[in-house]
Amino acid sequence: MPLALLALAVGAFGIGTTEFVIMGLLPEVADDLHVSIPTAGHLVSAYALGVVIGAPLLAAVTARLSRRTVLIGLMVLFVGGNALSAFAPGYDSLLAARFLSGLPHGAFFGVGAVVATTMVAPERKARSVSLMFLGLTIANIVGVPAATLMGQHLGWRATFLGVSVIGLAAIASLALLIPHDHAQAPAAGLRGELAALRSLPVWLALGTTVAGFGALFSAYSYITPMLTDAAGFADGSVTLLLALFGVGATAGNLVGGRLADHSMRGTLFGGLVSLVVVLSLFPLLMTTEWSAALAVVLLGVAAFVTGSPLQLMVMEKASAGPSLASSANQAAFNLANAGGAWIGGLALAAGFGATSPALAGAVLAVLGLGVAGTAAAVDRRRAVPGRERVVATHVPDQSPALQS
């Protein structure tokens, strides 16, 4: 695996840290800016809105630029957004800075996934994507807890300055390690990228992402009350248990990348079935502390097994112009975050019990299986060659324009 994947992983680590750390710093931010905690919670929504808008928009706007330039530019925007967050004079300016910080998120992962797959042999494409996403999952184990502690002891502004430093390290790594093969503009251009989005299989793949990861966030958004009210953990134990989720997500991401190189669709179906089983067992697993801890790990494994195959499936269906579709998949992931949390909240509000969001998530995972099955049927009907391990035809070293 090329060292350039390390540069992508460093960027992913910074993005993952800034996305999730705000959740642990809401009390400090609310107290410092003299707003309520629910009002401070809008900072989470502002970031997510930035991701959903920025992923397709920035991918489209930069379609005629070289992917190397785009990745570096996106990280410059990321550093700027986090630096502005650190020096925001008030709540409104912090809200705007968080929105700005979210803009490059989806496009970075989308374009980065395309770059990662072009630097390896066809049989290693899924693993290359999983190694880039490794930065995101490790951020949940190391980056978020460390940044939260920094914010609690040095002030929340120090956290965003620290994330800005990570972004600067990512810029340096990208400039040094991304091959100059990617310094030429892609041949497809904006017209080719937009044409790829007119494909029904692309939209079915995006729909699978929304349903599949909506299942995860239906449960994960309410994991704290499940652990405290149902399993009986003390509030102080939750941070460690969430780190266990990160361990599971990291393991699932790596396993999913390796398996998807052998059978992309088989890995996707297997991951979704596992997600249905794990979420359905939550009411039983949340009855004791040891089984609840196991449930948290298994949730991370089952959900993130599907990460690489879902990303690759979108890119495969949009192989003529994959950057925009790949970025749109990240927007779909954040729509899943918002939609899953809303559906899980409906189950709680209806009085179905602390573990009811997990059961609602199981229903969403079944829906994801249905969408994935529909996509498979459409492929068979169209008689598309089932190249399970290939995203796009591997092009040997011929010209920079072809390889970018």
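What's counted below: heavy atoms across the whole structure, side chains too, no hydrogens, waters or symmetry copies.
In this structure the side chain of Asn82 never reaches within 4.5 angstrom of the side chain of Leu161, judged on heavy atoms. For the pair Ile223/Met286, a side-chain contact is recorded, criterion being any heavy-atom separation below 4.5 Å from C-beta on. Residues Leu335 and Thr209 have side chains not in contact (no heavy-atom distance under 4.5 Å, counting atoms from C-beta outward). Two residues are said to be in side-chain contact when any heavy atoms from C-beta on lie closer than 4.5 Å; Leu359 and Leu279 fail this criterion. Considering only heavy atoms from C-beta on, Asn253 comes within 4.5 Å of Ser308 through its side chain.
Across all their heavy atoms, Leu177 and Leu3 have their closest contact at CD1-O, 3.5 Å. Taking both residues in full, the closest heavy atoms of Gly246 and Asn140 are given as CA-CB, 4.2 Å, listed atom of the first, atom of the second, then distance. Between Gly112 and Leu71, the closest heavy-atom pair is N-CD2, 3.8 Å. Nearest heavy atom pair, residue Ser93 against residue Pro89, reads OG-CD, 3.1 Å. Of all heavy-atom pairs spanning Ser327 and Ala59, the tightest one is OG-CB, 3.5 Å. Across every non-hydrogen atom of Met264 and Pro309, the tightest pair is O-CB, 3.7 Å.
For the atom pair Leu272 CG and Leu310 CG, the distance stands at 7.0 Å (nearest 0.5 Å). Note that CZ of Arg127 is 9.5 Å distant from CG of Leu259, once rounded to the nearest 0.5 Å. Atom NZ of residue Lys317 and atom CG of residue Leu312 lie 11.5 Å apart, to the nearest 0.5 angstrom. Of the inter-residue distances, the one linking Leu100 atom CG with Ser85 atom OG reads 8.0 Å to the nearest 0.5 angstrom. With rounding to the nearest 0.5 Å, the separation of CZ in Arg265 from CG in Leu268 is 7.5 Å. One distance of note links CD of Glu19 with CD1 of Ile15; it measures 9.0 Å at 0.5 Å rounding.
Within the 3.5 Å criterion, the main-chain N or O of Ala147 finds a donor-acceptor partner in the side chain of Thr159. Gln311 contributes a side-chain N or O that, together with a main-chain N or O of Ser326, makes up a donor-acceptor pair within less than 3.5 Å. Remark: side-chain polar atoms of Asn334 are not paired, donor with acceptor, to backbone N or O of Val52 under 3.5 angstrom. Put simply, the side chain of Asn329 never gets that close to the backbone of Gly110: no donor and acceptor are under 3.5 Å apart. Judged purely by atom type and a 3.5 angstrom limit, Arg68 uses its side chain to pair as donor or acceptor with the backbone of Ala175. At least one donor-acceptor pair under 3.5 Å links the side chain of Ser218 to the backbone N or O of Pro357. A donor-acceptor contact shorter than 3.5 Å is absent between the side chain of Ser130 and the backbone of Gly257. For Lys125 (side chain) and Thr117 (main-chain N/O), a donor-acceptor pair under 3.5 Å exists by modelled atom type. Between the side chain of Ser66 and the main chain of Thr69, a donor-acceptor pair closer than 3.5 Å is present. Checked by atom type and distance alone, the side chain of Ser263 never pairs as donor or acceptor with a backbone atom of Ala260 at under 3.5 Å.
Side-chain N/O atoms of Arg258 and Thr267 include no donor and acceptor closer than 3.5 Å.
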Discussion item. Evaluate Met75 against Leu168 for side-chain contact (heavy atoms from CB on, under 4.5 Å), listing each step before the verdict.
Written reply: CA-CA 8 Å; Met75 286 312 300; Leu168 292 173; over 6 Å; no
Item to complete: Test Leu206 against Val314 for side-chain contact (heavy atoms from CB on, under 4.5 Å), laying out the working first.
Response: CA-CA 7 Å; Leu206 293 173; Val314 171; 4.0 Å; yes
Item to complete: List the steps and the verdict of side-chain contact (heavy atoms from CB on, under 4.5 Å) for Leu131 and Leu254.
Response: CA-CA 7 Å; Leu131 288 177; Leu254 292 174; 4.1 Å; yes
Fill in: Stepwise side-chain contact (heavy atoms from CB on, under 4.5 Å) check, Leu136 with Phe13
CA-CA 5 Å; Leu136 179 65; Phe13 179 82; over 6 Å; no
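In this structure, Phe160 and Trp156 have perpendicular ring planes: the angle between them is above 60°, well past the 30° mark.
Aromatic pair Tyr47/His105: centroids less than 6.0 angstrom apart. A centroid separation of less than 6.0 Å is found between the aromatic rings of Phe109 and Phe133. Ring-centre distance between Phe245 and Tyr220: below the 6.0 Å cut-off.
The only member of Tyr222, Phe333, Trp342 that meets ring pair (Phe, Tyr, Trp, His ring centres under 6.0 Å) when paired with Phe217 is Phe333.
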